[in-house]
Amino acid sequence: GDVYKRQKYFDYSLLFIIIFLLGFGLVMIYSTSSYSAQIKFNDSEYFFKKQLFAEVLGIAGMYVAYKIDYHFWVKHAMFFYILAMVMIVLVMTPLGYSAYGARRWISIGPISIQPAEYAKLALIFACTAVVEKMGKSARKFRAIFMHVVLGGILAGMIFLIWILSYHRTKKTARFLKSKAKCVLNS
């Protein structure tokens with residue numbers, strides 16, 4: 001008899017949409033930032049090149065993720081989820097840094113990561129693992145509740161970091177303002 005080889009499904013329309021959005025994003029980055037990049041970095045394509053590099057890395061990561069069987073992601077979902085929690089906490093350590101008045105980033109050498117973005121991916125993996133583990137009972141209230149709890153924990157941690165960052169920034173601003181008044185008054 002004929003033996004059919006199991007093939008992975010590939011969604012070419014989704015790939016086209018992704019490539020279109022990446023190209024559109026590059027055009028928008030260049031058109032909105034070329035002037036300021038020329039003034040600040042003496043290279044009108046500075047932000048364009050930076051975004052292009054990130055997109056190439058993203059496409060390579062997407063290809064690697066496509067080649068890895070989804071069971072791997074499900075098997076390690078809780079590890080990714082806990083790693084997301086650790087990364088969120090690291091924002092408030094010396095590895096975390098502020099940009100535009102908010103402390104939301106982790107900087108490790110030349111690489112900066114926003115843990116909230118990684119947390120979204122980790123949450124998708126964790127929810128997928130819950131659905132796979134529960135099978136047909138994933139439609140019941142207990143499964144929905146588990147998803148709400150998993151999302152709520154990460155969202156609560158991110159919100160707490162936001163609150164702490166906001167108050168730290170306000171305290172620093174008040175402190176600097178009071179010192180400036182002292183200097184000006186003396």
Side-chain angles (χ1 to χ4, degrees), residues 1-25 28 51 53-100 102-108 111-168:
D2 291 349
V3 177
Y4 292 100
K5 195 175 183 183
R6 189 171 181 203
Q7 293 182 348
K8 279 188 172 181
Y9 172 74
F10 192 84
D11 190 347
Y12 287 99
S13 59
L14 180 62
L15 179 64
F16 173 76
I17 290 169
I18 291 169
I19 291 171
F20 172 78
L21 289 173
L22 291 174
F24 185 74
M28 291 298 106
Q51 182 67 23
F53 178 72
E55 287 184 9
V56 169
L57 280 179
I59 290 170
M62 184 175 70
Y63 181 76
V64 169
Y66 166 73
K67 287 295 187 182
I68 297 172
D69 185 48
Y70 83 94
H71 289 98
F72 169 82
W73 304 112
V74 171
K75 181 179 176 185
H76 296 93
M78 282 303 128
F79 169 76
F80 294 129
Y81 186 82
I82 292 168
L83 182 60
M85 292 170 66
V86 169
M87 288 172 67
I88 291 168
V89 170
L90 286 177
V91 169
M92 297 311 284
T93 69
L95 288 176
Y97 77 94
S98 298
Y100 303 107
R103 191 176 182 95
R104 296 185 185 132
W105 297 82
I106 297 173
S107 180
I108 303 168
I111 298 171
S112 59
I113 301 166
Q114 191 172 17
E117 297 302 316
Y118 176 80
K120 292 176 196 174
L121 191 58
L123 181 61
I124 291 169
F125 292 153
C127 289
T128 304
V130 168
V131 168
E132 186 184 64
K133 185 176 182 181
M134 296 185 112
K136 289 190 181 211
S137 65
R139 295 181 182 158
K140 295 187 176 170
F141 178 77
R142 182 171 175 251
I144 295 169
F145 182 73
M146 286 291 296
H147 288 107
V148 170
V149 168
L150 287 170
I153 290 170
L154 290 178
M157 291 178 73
I158 292 167
F159 183 70
L160 184 61
I161 294 297
W162 178 77
I163 292 290
L164 293 173
S165 170
Y166 176 77
H167 286 296
R168 179 182 288 172

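Keep in mind the model is a prediction, meaning the values are calculated, not measured.
In terms of heavy atoms, Met78 sits closest to Leu150 at CE-CD2, 4.5 Å. Closest of all the heavy-atom pairs between Ser13 and Asp11 is OG-OD1, 2.7 Å. Minimum heavy-atom separation, Leu154 to Ala119: CD1-O, 3.6 Å. Here the shortest heavy-atom pairing between Ala143 and Met134 reads CB-SD, 3.3 Å.
Here Lys75 contributes atom NZ and Asp69 contributes atom CG; the two are 11.0 Å apart, rounded to the nearest 0.5 Å. Atom CD1 of Ile106 sits about 6.5 Å away from atom CG of Leu95, to the nearest 0.5 Å. Within the model, atoms CD1 of Ile88 and CD1 of Ile158 stand 4.0 Å from one another, a figure rounded to the nearest 0.5 Å. Once rounded to the nearest 0.5 Å, the distance linking OG1 of Thr128 with NZ of Lys133 reads 14.5 Å. Atom CG of Leu15 sits about 10.0 Å away from atom OH of Tyr66, to the nearest 0.5 Å.
Between His76 and Phe72, the ring-plane angle classifies as tilted under the 30° and 60° cut-offs. Relative ring orientation between Phe80 and Trp73 is described as tilted, the plane-to-plane angle lying within the 30° to 60° band. Under the 30°/60° scheme for interplanar angles, the aromatic rings of Phe24 and Phe20 are found to lie parallel.
Taking the six-membered ring for Trp, Phe10 and Tyr12 have ring centres closer than 6.0 Å.
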